[in-house]
Amino acid sequence: MHLRTIGILLLASISLASLAQAQSSAITVFLPLVQAPPPTVAGYLGGANDDNLVAVRITSTGELVLAGTMSAVTGIPETVLPGGGAGALIRIGVDGRSIDRVIRVATRLNHAAFDRSGGTVVCGPDGVVVLEPDLTTVRWTATPGEVMRCAMSDGRVAALLQSMTLLVYPVDGSVPLSINVGGTKVRDIAIDSASGLVFATGYTQAASDLKVAFLRAYRLDDGSLAWQRYGFSASVVKGANLAADSEGRQLAIGDDGMLYFAGFTDGGNSIFGRDPADINRVLSKSELIKYDAYNDPYRISGAKSLAWYGRFDPVSGTLLHGQWLLTRLDDGKGNSISIKGLAAAADGTLVVVGSTACCLQGRRTMQLFGQVLGNYEIGEPFVLIVHPAFTQRYIWTTLAAPGKTAGSSPAIAVAVTADRIAVAVNFTNNDASSRALVTTGNPVFATGLGGKDGYYVTMPLGR
């Protein structure tokens, strides 16, 4: 990882007096001012009971906000909003380490989302709570039933109910637009006021032996279907000799305005190698980017959980770039990896997080923050930073502490700015206490706190 500094030239006028002649003269000097890089901090969050993070953001002023279900955090002041309980927002200062406040907003959180104007939406069994940028002022609430996922754009809120109905609320939280997405399971949603669309992804059990992913866009004005990608029938998929199950798992609107999608498939013989609008057309090399064994699904023995991610034009649904993601065993055979969250910077740099089986590229000699990372264990978290053209991996790392392992501890969410990322992880210890995550930067909590713990890491966006 390269820490970048930005040199800014300031114009200064300095008057120098000549002692010998008692005269003054003015000269112009250019002085370099170096801006400090973003902070690098990694540490735990939570209390003595089980904790569970669901989202993370970096505010416009550089603070971190993490959302989740959180037990009492020792020594940290709290604000309890009406109905507030274990469902909370945790605000961390611009230094990345000082925990400013815990804001309790609901009994429990399933998800949370943020928009560029600073608004926040949290959702769970209590329904939807929308907050102003100060996080302590409630803008509006709604109680449509349990909400599994939520999304926000310029004040508009999308809420996915347990019934898989998608509700879209106007800025004032009044009567929502209701959309029946259909399918067997809706995994994620996103909303984009710029394109006037709301998106949903998941899968349909198209046959007893076949799941088929779908990606759908609906118009915000009337809820009508704008476009669908994937979502093919079982006969069409089998007719193309594509037997692998597929699911849509994650969606995000990048800071570049593009729609990002992450999916699952249990083999390389999948619809993700084809045009999302035309299963009979194999994707070209410029559309499906492959350059090494970790993004080319060959030598797959048996069913494996492979990942795929892509950048789509949100207006037209056109796939711009796509890429496989898999790990490799010592014998070179392909192995499993699962994407849990993704975010993209304004230049298209993509950050992907999740959990992985053996093994990431270079896993056995991996270092981070000047520390040699601990050994592999199944289900360890990973962070991947990808070039905007999908032609290079800037960083691909796990987070196991030196001398420890980090199994069953997925990275579940990520936020990104032009020069910084923040990642949220749910850490699970074991009876032997042989698990730990790498820490750095003098966090408030440098060791686990008991039960299942939240964990975060913030660091410069390496390019």
Side-chain angles (χ1 to χ4, degrees), residues 1-6 35 37-38 40 56-58 60 114 116 153 188 190 192 194-195 197 199 201 215 217 229 248-263 272-273 275-276 283-297 306-326 337 339-354 360-362 368 382-397 411 413-423 457-463:
M1 174 173 28
H2 301 285
L3 299 181
R4 300 179 301 133
T5 58
I6 304 171
Q35 179 176 306
T40 298
V56 61
R57 80 170 298 181
I58 305 170
S60 60
F114 315 93
R116 291 183 181 88
S153 178
D188 202 10
D192 179 34
S195 63
L197 298 171
F199 309 91
T201 192
L215 172 59
R229 296 297 176 260
R249 291 279 180 90
Q250 299 288 331
L251 293 176
I253 300 295
D255 287 349
D256 57 355
M258 296 293 104
L259 173 65
Y260 289 85
F261 164 95
F272 294 135
D275 184 333
L283 292 174
S284 68
K285 292 181 179 179
S286 63
E287 294 170 307
L288 185 59
I289 313 301
K290 301 177 184 178
Y291 56 82
D292 69 9
Y294 297 88
N295 48 49
D296 191 352
L306 309 184
W308 189 95
Y309 51 82
R311 176 189 294 127
F312 289 78
D313 181 318
V315 176
S316 66
T318 301
L319 173 66
L320 303 176
H321 293 298
Q323 192 160 69
W324 296 100
L325 183 65
L326 65 154
I337 193 167
I339 295 173
K340 307 290 186 183
L342 67 168
D347 68 352
T349 299
L350 179 63
V351 188
V352 179
V353 301
L360 305 185
Q361 185 181 32
L368 185 65
F382 77 86
V383 179
L384 169 65
I385 304 178
V386 180
H387 185 281
F390 293 8
T391 53
Q392 179 185 353
R393 288 185 290 272
Y394 292 127
I395 296 172
W396 198 14
T397 186
V414 61
V416 64
T417 67
D419 62 353
R420 181 184 181 191
I421 68 169
V423 178
V457 55
T458 183
M459 59 186 181
L461 176 59
R463 290 185 176 91

Where Tyr394 and His387 come nearest, the two heavy atoms and their spacing: OH-CD2, 2.9 Å
Evaluate the side-chain proximity of Leu461 to Val351: yes if any heavy-atom separation is below 4.5 Å, no if none is. yes
To the nearest 0.5 Å, how far apart are NE2 in His321 and OH in Tyr260? 9.0 Å
Gap between atom CG of Asn295 and atom CG of Leu306 - 0.5 Å precision: 12.0 Å
Give a yes or no on whether the backbone of Pro388 and the side-chain of Thr349 come within a donor-acceptor separation of less than 3.5 Å. no
Are any non-hydrogen side-chain atoms of Gln323 and Tyr291 less than 4.5 angstrom apart? yes
Might you point out which heavy atoms bring Pro276 and Phe312 nearest each other, and give the distance in Å? CG-CE2, 3.9 Å
Counting N and O atoms only, with roles assigned by atom type, does the side chain of Trp308 sit under 3.5 Å from a partner on the main chain of Phe272, one being a donor and the other an acceptor? yes
Write down the atom of Ala411, the atom of Val423, and the distance for their closest heavy-atom approach. CB-CG1, 3.9 Å
Hey, could you give me the CD1/CD1 distance between Ile58 and Ile421, rounded to the nearest 0.5 Å? 8.0 Å
Look only at the side chain of Arg311 and the backbone of Gly348, and say whether a donor-acceptor pair between them is shorter than 3.5 Å. yes
Test side-chain contact (heavy atoms from CB on, under 4.5 Å) applied to Leu319 and Leu288, Asp275, Leu283, the passing residue: Leu283
Heavy-atom nearest pair, Asp256 first then Ala344, reads OD1-CB, 4.4 Å
What's the shortest heavy-atom distance between Val416 and Ala345, and which atoms? CG1-N, 3.7 Å
Measuring from atom CD1 of Ile339 to atom CD of Gln250, what distance do you get when rounded to the nearest 0.5 angstrom? 8.5 Å
How long is the gap from CZ on Phe382 to NZ on Lys340, to the nearest 0.5 Å? 9.5 Å
Kindly compute the distance separating CG (Leu384) from OH (Tyr294), expressed to the nearest 0.5 Å. 13.0 Å
Give me the atom names and distance for the closest heavy-atom approach of Val315 to Ser195. CG2-CB, 3.9 Å
Leu259 and Asp192, any side-chain heavy atoms less than 4.5 Å apart: no
Ring pair (Phe, Tyr, Trp, His ring centres under 6.0 Å) against Phe114, all qualifying residues, sequence neighbours excluded: none
Does any part of the side chain of Val56, heavy atoms only, come nearer than 4.5 Å to the side chain of Thr458, both counted from C-beta? no
May I ask you to decide if Lys290's main-chain N or O and Asp296's side chain share a donor-acceptor pair within less than 3.5 Å? no
Do Arg249 and Leu342 have side chains that approach each other closer than 4.5 Å (heavy atoms only, starting at C-beta)? no
Going by the side-chain contact (heavy atoms from CB on, under 4.5 Å) test, name the single residue among Thr397, Thr40, Val383, Ile395 that passes it with Leu368. Thr397
Quick one: does Arg229's side chain have a donor or acceptor within less than 3.5 Å of a partner on Gly317's backbone? yes
